[in-house]
Novice: 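Just passing along the structure, written as structure tokens.
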Amino acid sequence: MAKKVVGKNFYLQPASRIAPKLLGKILVRKIGKKKIFVLITETEAYDGTNDRASHASRGRTKRNEAMFDEGGHWYVYFVYGMYWMLNLVCSKKNYPSAVLIRKGLVVDKNLEVLEELEGPGVLSKKLKIDRKLNTRPVSGKSGLWVEDWGIKIPSKLVHSGKRIGIDYAGEFWAKKRWRFFID
DNA sequence: ACGATGATGAAC
DNA sequence: TTCATCATCGTA
């Protein structure tokens with residue numbers, strides 16, 4: 001099984017292109033000497049300042065600054081007084097866009113499934129993700145990166161749908177099928 | 001169906 | 001400074 005770290009160019013595409021391509025890739029979290037592997041199974045794209053579902057729709061603020069970084073950084077924010085949301089920043093610098101990682105499967109190095117992470121809040125809790133990762137690079141330096149293990153998800157199993165929890169965005173943006181998931 | 005729980009941003 | 005809101009989740 002060929003395992004390689006995803007290259008930087010991958011992150012310079014539009015979020016809506018990256019989101020489906022992340023399905024089947026492996027999120028690697030290093031905590032101390034331990035590594036946790038998560039097969040990504042659900043993502044959502046947030047793209048540009050016009051996207052009214054995106055935090056960037058109200059311009060640059062202290063919270064969403066990371067979204068304006070170059071693709072290949074993390075955007076981590078706190079919601080509902082309890083949960084940390086993990087997002088992968090996309091595209092070139094100063095173009096705010098990101099992919100929210102919503103669900104995954106904890107696997108071992110042989111792809112044996114150990115645990116299901118059924119939402120962005122539980123995923124971040126399991127991987128010990130908090131504001132310390134905000135604006136950090138997607139690389140070993142931050143202890144959180146993405147690998148391609150050559151897993152090919154059959155296109156039959158890849159679906160798209162409306163994004164979750166963004167009904168405030170108005171019909172045009174709320175109905176966009178920018179959520180991608182397996183099965 | 002609902003409450004927990006606190007940062008955020010906009011209004012005042 | 002106040003206040004409604006929020007890219008959620010576990011319990012009921």
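Here is the naming used below: chain letters follow the sequence lines, and residue numbers restart at 1 for every chain.
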Novice: Atom CE of A/Met85 and atom C1' of B/dG6: how far apart are they, to the nearest Å?
Specialist: 14 Å

Novice: Is the shortest distance from a Lys or Arg side-chain nitrogen in A/Lys103 or A/Glu116 to a carboxylate oxygen in the other one below 4.0 Å?
Specialist: no

Novice: Would A/His55 and A/Tyr46 count as a close aromatic pair, with their ring centres under 6.0 Å?
Specialist: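 A/His55 vs A/Tyr46: aromatic centres not under 6.0 Å.
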
Novice: Any ion pair linking A/Lys125 and A/Asp130 (charged N to carboxylate O, less than 4.0 Å)?
Specialist: no

Novice: Heavy atoms under 4.0 Å, any strand shown: does A/Arg163 hit a base, just sugar-phosphate, or nothing?
Specialist: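 Here A/Arg163 touches no strand at all.
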
Novice: Between P on B/dG9 and NZ on A/Lys62, what's the gap in Å once rounded to a whole number?
Specialist: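 Rounded to the whole Å, the gap is 10 Å.
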
Novice: Send over the distance from A/Glu65 CD to B/dG9 P, rounded to a whole Å.
Specialist: 10 Å

Novice: With the threshold set at 4.0 Å, does a side-chain nitrogen-carboxylate oxygen contact exist between A/Glu70 and A/Lys93?
Specialist: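 The answer is no: the pair does not qualify as a salt bridge.
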
Novice: Please figure out whether A/Val122 or A/Ser54 has its closest DNA chain C nucleotide nearer the 5' end.
Specialist: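 In this pair, the answer is A/Ser54.
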
Novice: Atom CE of A/Met82 and atom P of B/dA7: how far apart are they, to the nearest Å?
Specialist: 12 Å

Novice: Would you indicate what A/Leu100 reaches in the nucleic acid, counting non-hydrogen atoms under 4.0 angstrom: base, sugar-phosphate, or nothing?
Specialist: base

Novice: Using atom OH of A/Tyr168 as one end and atom C1' of B/dA10 as the other, report the distance to the nearest whole Å.
Specialist: 16 Å

Novice: Would the A/Trp149 and A/Phe37 ring centres measure less than 6.0 Å apart?
Specialist: yes

Novice: Any strand counts, and the cut-off is 3.5 Å on both contacts for Watson-Crick or G-U wobble. Which nucleotide pairs with B/dA4?
Specialist: C/dT8

Novice: With a cut-off of under 6.0 Å to the ring centre and 45° to the axis, is A/Arg60 in cation-pi contact with A/Phe68?
Specialist: yes

Novice: Taking 5' to 3' order, which nucleotide of DNA chain C is first and which is last to have an atom within less than 4.0 Å of a heavy atom in chain A?
Specialist: C/dC6 to C/dG10

Novice: In whole angstrom, give the distance that lies between atom OH of A/Tyr83 and atom C1' of B/dG3.
Specialist: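 For the pair A/Tyr83 OH and B/dG3 C1', the rounded distance is 11 Å.
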
